Amino acid sequence: MSDVAFEQHAPRPAAAPPWWRRLIGFNLLAASALGIGGWFLGHWVGTRITIGMDSQLGTDQNDIATFMGFLFAVSGWLIGLGFLNYPLGRMLGRPPSLREKEEEGPGRYFRLCTDHKVVGMQYFVTILLFFLIAGLNAMFIRAELLTPKEKLWNANQYLSLVGLHGTMMLMMMSAAILGPFANYFVPIMIGARRMAFPRLESLSFWLVPPAGLILLSAVALGGFPTGWTGYAPLANTARAGMDAYLFAFALIGLSMTIVGANMLATVLTMRAPGMTWTRLPIFVWGVICTSVLMVLAAPVLFATLSMVALDRTADTSFFLASAGGSPFLYTNLFWFFGHPEVYILALPGFGVVLEILPVFSRKPLWGYRLAVAGMLGVTLLSFMVWQHHLFVSGMNADLRPFYMLTTELISVPTGFIFLNGLGTLWRGRIRFTVPMLFAMAFFSNFLIGGLSGVFLSDVPSDVSTHGSYFVMAHFHYTIMGGLVFALFAATYYWLPKMTGLRFNETLAKIHFWGMFVFFNFTFAPLFVAGMLGMPRRVSVYSSSLQGINDFVSVSAFLLGLSMLVFLINLVYSTVFARVPAEANPWHSRGLEFQLPTPIPVRNFERTPVIESGPYEYGVPGAPPVAALGRPAVAGGGGSSP
Amino acid sequence: MTSNLAPAAAPSGEPHIRRLIVIWVVLSAIGVALVVFALGPHMPPWTFSDEARDQRNINIMLAALATPVLLAVWMALVYSIVAFRQRGVAIVDGTPIHGGGRLEVAWIVVTTLIVVSLAVAGTAALFGTTKGAGGGQGPDPLAVPHGSLPPLQVQVIGQQWAWTFRYPAFGGVETTQIAIPAGRVIALHVTSLDVNHSFWAIRLGVKADAIPGSDNVAFVRPRRPGSFRIRCAELCGLWHGHMFTTGLVLTPAAFSSWIRRQVVANAAATRTLPPYSTHYFPEPLRRAG
C-alpha cells in the first residue's frame with residue numbers, strides 16, 4: 001500500500017473571535033430557536049385559519065393547528081441552519097461554491113456541512129441516540145409484559161410505547177447504515193471527492209432530528225394507538241399524537257427519498273477511473289439496491305401519510321368506508337411501501353457482512369457476481385410481495401397463490417448471500433475480531449429470521465401465525481438479528497477509521513456475547529408464544545404464557561444491558577482512553593483504509609486510479625487496489641469530480 | 001477438534017466437504033425425526049377442526065424442511081469456525097477461490113425447486129379439502145366446501161371493543177357469544193362496524209380480518225364439541241388487548257336448543273336491529289376528544 005504524505009490544508013488565517021461570538025450564526029442553536037418559535041407561530045396561524053371550521057368542532061384538539069405548528073417548526077429549523085442561504089445567494093447572483101461549508105474544527109458538526117464525512121458522523125450520533133430511546137421503550141414494554149394483566153402502564157400509555165418503539169426504530173433504522181456509513185464511505189470507496197449533491201446530503205440528515213423530536217412529541221399530544229403501521233381508519237379516530245406520527249414519518253420518507261437519489265447519482269456518475277462495476281465494493285452494491293428501493297418506495301409512504309393527514313384535517317375520506325373510501329386502500333399503499341422497507345433494512349446489512357467477511361477470512365469474496373445478482377433479485381422481487389401482509393384480510397383472495405409464490409421465491413436470491421458468506425469463510429484464515437463476530441452472528445440470526453418467514457409466506461401456516469408474536473419474533477430476527485448486528489459490525493469495523501481511535505476490545509467482546517446470547521434468549525421463545533396464540537401489541541395475555549414472557553422480559557433487560565456496555569465502551573474509548581488506531585487496523589484492501597487517519601477533507605490528493613478489485617486477498621500478483629497520489633495514468637482520463 | 005487441519009496446505013477442500021456432508025446428514029436425520037415424531041403431535045394449532053389440522057400439517061412439513069436447511073448453514077458456519085480459524089496475530093492469506101461454476105448452479109436449482117414445491121403444496125392446501133385453510137377469503141370465495149348440508153352462515157361483527165354474532169338462518173338473532181355445531185361446515189362472515197379488527201380463534205384454525213364495509217368469509221368445520229378462545233389480532237385501539245371472548249362448539253342437538261333459547265331471549269332486541277346484511281355502514285367516524 002502506498003503511504004503517500006497528503007498535503008494538509010493550512011488552517012485559514014483568521015483572528016479568533018470571542019467564544020460567544022462563534023455561537024451566533026446559522027447553526028444548531030439558531031435552528032432550535034427558530035424551530036421552537038416556528039411551532040408557536042404555526043400553531044397560532046393554524047388556530048386563526050380554522051376559526052369556524054366544522055371539522056374541528058366537537059373535539060378538544062385542532063389537527064390543522066398541530067400540522068401548521070410542525071410545518072413552521074421544521075421550516076424554522078432549516079432556515080436557522082442556513083438551508084436557504086445558498087439558494088437565495090444564487091438568486092442574488094453569488095457564484096456557485098461548496099468551499100464555505102467545509103470548514104475544520106468541532107463547530108462543523110453543529111451546522112450545515114457539505115463534507116460527507118461530517119454528515120456521516122452527525123448521522124451516527126443522532127441515529128444512536130434515537131436507537132437508545134427506542135430501545136428504552138422496548139424495556140418499558142417488556143416490564144409491562146412481566147405480568148399477564150395491565151399493571152405498569154395504562155392502555156393508552158402501553159399502546160403509545162409500542163407505537164413509539166416501532167415507529168422510532170423503523171424511522172431511524174432505515175438510515176442506520178446508509179446514514180452514517182454509506183455517507184461517510186461510499187464516496188471514498190468509489191474514489192470520489194464528495195457526494196453528487198452535498199447540500200441535499202446535509203438536508204437528508206438535518207431532517208432526521210426534527211422527525212425524531214416530533215415523533216416523541218406524540219407523548220405530549222395524547223399518544224397514538226396504531227403502532228408503527230398507522231392503520232386507517234383507526235388513525236382517523238386517534239388523538240393529536242397521530243399527527244405527530246404522520247408528520248414525523250413523512251419527514252423520514254422525504255429524507256429517505258433524498259438519500260436514495262443522492263446515493264444513486266453519486267455511484268452512477270462519480271466513480272474513479274478504473275472503478276468498473278465488477279470492482280465496486282459489495283457494500284456499495286448493497287447501497288445501490290437500497291437506494292433504488294428508497295427512491296421508489298419512500299414516496300409512496302409520503303403520499304399515504306399525506307392522505308391520512310388530509311382525512312384528519314380537510315375531512316377527505318380516502319379511508320372511510322362510511323363515506324366511499326376504503327380501508328384496503330391504506331393497507332395496500334402502506335405495505336407497498338412497507339415491504340420494500342423491510343429490504344431497505346436488510347440489504348445494507350447484506351452489503352456490510354459481505355464486505356467484512358473477506359477481510360477477516362483473508363480470501364476473495366466468494367461468488368461476487370452471485371452476490372450482486374442476489375441483491376438485485378431481492379430488490380426486484382420486494383415490490384411484488386406486499387399482499388402477503390393481507391393474506392387473511394379478505395381482499396383478492398384468489399391472488400394469494402401468486403403472492404405466496406413470489407414471497408417464497410425471494411428466499412432464492414436471499415439464499416445467494418448465504419452461499420457467498422459460507423463460500424468466503426470456506427478454507428479461509430479466519431480471524432475472530434469483533435466486526436467478524438458480529439458478521440457471523442448475522443448469518444445465524446438472519447437464517448432463523450428467513451426460515452420463519454417461510455412459515456409466514458405459506459397461507460395455511462400464516463392463518464395461524466399472522467398478527468401473532470410469531471411475526472414479531474420473525475421480524476426482530478431479520479431486523480435486529482440482521483440489520484442491528486450488521487450495524488454493530490460496521491461500527492466496530494469502520495468507526496476506528498472515522499474517529500481515529502480504537503475500541504476497547506474486552507468491552508467490545510462482552511458487548512458481542514451479551515448481545516448475541518440474550519438476543520436469542522429474547523426472541524426465540526417468542527416464536528413459541530406466537531404459535532400458542534399470543535397476539536401482538538397486547539398487554540393482557542393468557543396466564544399460561546406468563547412463564548415464557550417472564551423469561552423473555554428478563555433476557556430483554558440483559559440485552560438492554562449489553563447495549564449499555566457498548567455505550568460505556570464508546571464513551572470510554574473516545575473520551576477517556578483515546579488509544580489511536582492505525583490507518584489500516586484490519587489490514588484491509590478496502591480503498592478507504594489506504595487513506596491516512598483522519599481522512600483529509602478532500603479525501604484524495606488526486607483522483608485515484610483503481611487497478612484491482614477490493615477482495616483480491618491471497619491472489620498471486622494482484623496489484624494494490626488503487627494508485628494513490630500518482631498522476632492519473634494514461635487511459636484513466638477521468639475528470640476530477 | 002482436529003488441530004492438524006492445515007487448510008492452505010491441503011490441495012483441495014475435498015476431505016472437508018465429505019466430513020461436513022456426513023455430519024450434516026446424520027444431524028439432519030436426527031433433527032427431522034425429532035421434529036416429526038416428538039414435536040409434530042404437539043404442533044399448534046392442533047386438531048380441533050379440519051382447518052386447524054391442515055395448518056398443523058403444513059407447520060410440521062415446514063419445520064421438517066427447515067431443519068436440514070438450518071443445520072446445513074449452521075454446520076458450515078461451525079465447521080469453518082473450528083477448522084479454518086487463524087490463531088495468533090499472524091495475518092495469513094487463505095486459499096484464493098473466487099467461486100462460480102457448478103456449486104452456484106446447483107444451489108440455485110435446489111433452492112428454487114424447494115420454494116416452488118413449497119408454494120405448490122401451500123396452494124394445494126388452500127384449494128384442497130378445507131377450502132381456504134380457515135383464512136378470510138373475501139366476499140366471494142373461489143374455494144367453497146361441499147358438504148351434505150349447506151354451510152351454516154354465522155356473521156361475526158367486530159366493533160371497538162367487542163365481538164357480536166348474528167345468525168341469519170335464525171331470524172337474524174344477534175348474540176354476544178358464538179356457538180357452532182360440530183361436524184358441519186360453518187361459513188363465518190366477518191365484518192366490522194368501525195375500524196379494522198381481526199377475528200382469530202387459534203384452536204378453531206380461523207383468522208379473518210374484520211374490515212368496515214366488507215364481508216370476509218372463512219370456512220371452518222369443527223370436529224368435536226369443546227370451547228375455543230377468540231382474540232382480536234389487529235390493533236384496533238385502546239382496549240384491543242381486552243377484545244377476547246370464548247366460543248363454543250356444541251353437538252348438533254345441543255346447538256339447536258341453544259340457538260332456540262337465544263332466539264327467544266333476544267326476540268325484543270332482534271326487532272330493533274337493522275335487517276341482516278353482509279355489512280353495515282356505521283355513523284361517520286369522529287375523532288376522540
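All figures in this text were calculated on a predicted structure; none of them were measured in a lab. Note on naming: letters A, B, ... go to the chains in the order of the sequence lines (proteins, then strands), and numbering restarts at 1 for each one.
Proximity to chain B involves both the backbone and the side chain of A/Val454, based on heavy atoms less than 4.5 angstrom apart. Contacts of A/Ser542 with chain B are made by backbone atoms alone, with heavy-atom separations under 4.5 Å and no side-chain atom involved. For A/Ala622, no part lies near chain B; criterion is any non-hydrogen pair under 4.5 Å. Looking at A/Leu365, the atoms closer than 4.5 Å to chain B (heavy atoms on both sides) all sit in the backbone: N, CA, C or O. Contacts between B/Met243 and chain A at a heavy-atom distance below 4.5 Å are absent for every atom of the residue. Of the two parts of A/Thr407, neither the backbone nor the side chain holds a non-hydrogen atom closer than 4.5 Å to a non-hydrogen atom of chain B. There is no contact between B/Ala210 and chain A, counting heavy-atom distances below 4.5 Å. Proximity to chain B involves both the backbone and the side chain of A/Leu419, based on heavy atoms less than 4.5 angstrom apart. Contact of A/Arg537 with chain B is made through backbone and side chain together, with heavy-atom distances under 4.5 Å. The part of A/Asp458 that comes within reach of chain B is its side chain, from C-beta onward, which places non-hydrogen atoms under 4.5 angstrom from that chain. Interface residue A/Ser411: only side-chain heavy atoms are found under 4.5 Å from chain B. Looking at A/Met534, only its backbone comes within 4.5 Å of chain B, counting heavy atoms on both sides. Both the backbone and the side chain of A/Phe416 come within less than 4.5 Å of a heavy atom in chain B. Using a 4.5 Å cut-off between heavy atoms, A/Thr226 contacts chain B through its backbone alone, with no side-chain atom that close. Looking at B/His98, both its backbone and its side chain come within 4.5 Å of chain A, counting heavy atoms on both sides. Contacts between A/Phe432 and chain B at a heavy-atom distance below 4.5 Å involve the side chain alone, from C-beta outward. For A/Asn154, no part lies near chain B; criterion is any non-hydrogen pair under 4.5 Å.
A donor-acceptor pair shorter than 3.5 Å cannot be found between the side chains of A/Trp426 and B/Ser80.
When all heavy atoms of B/Ala119 and A/Met404 are compared, the pair lying nearest together is O-CE, 4.0 Å. Minimum heavy-atom separation, B/Ile211 to A/Ser393: CG1-O, 3.9 Å. Closest approach of A/Val463 and B/Lys207 over heavy atoms only: O-NZ, 2.8 Å.
For the options A/Ala321, A/Pro364, A/Ser361, heavy-atom pairs under 4.5 Å to chain B are most numerous at A/Pro364. Contact count versus chain B (heavy atoms, under 4.5 Å) is highest, among A/Thr424, A/Leu390, A/Asn156, A/Leu159, for A/Leu159. Note: A/Val412 leads A/Val412, A/Val162, A/Thr465 in heavy-atom pairs under 4.5 Å with chain B. Note on B/Val69, B/Val73, B/Val190, B/Asp140: by heavy-atom pairs under 4.5 Å with chain A, the leading option is B/Val73.
The side-chain hydrogen bond (donor to acceptor under 3.5 Å, both in side chains) search around B/Asp54 returns B/Thr130, not counting sequence neighbours.
Screening residues 397-413 of chain A for salt bridge (Lys or Arg N to Asp or Glu O under 4.0 Å), with sequence neighbours left out, gives no hits.
No more than 12 heavy atoms of other residues, nucleotides or ligands sit less than 6.0 Å from atom CH2 of B/Trp74.
Taking the side chain as every heavy atom from C-beta outward, B/Phe244 and A/Val540 approach each other to under 4.5 Å. Side-chain contact between B/Val195 and A/Tyr231: absent, with no pair of heavy atoms (C-beta onward) separated by less than 4.5 Å.
Side chain of B/Asn216 to backbone of A/Val392: a donor-acceptor contact under 3.5 angstrom is found.
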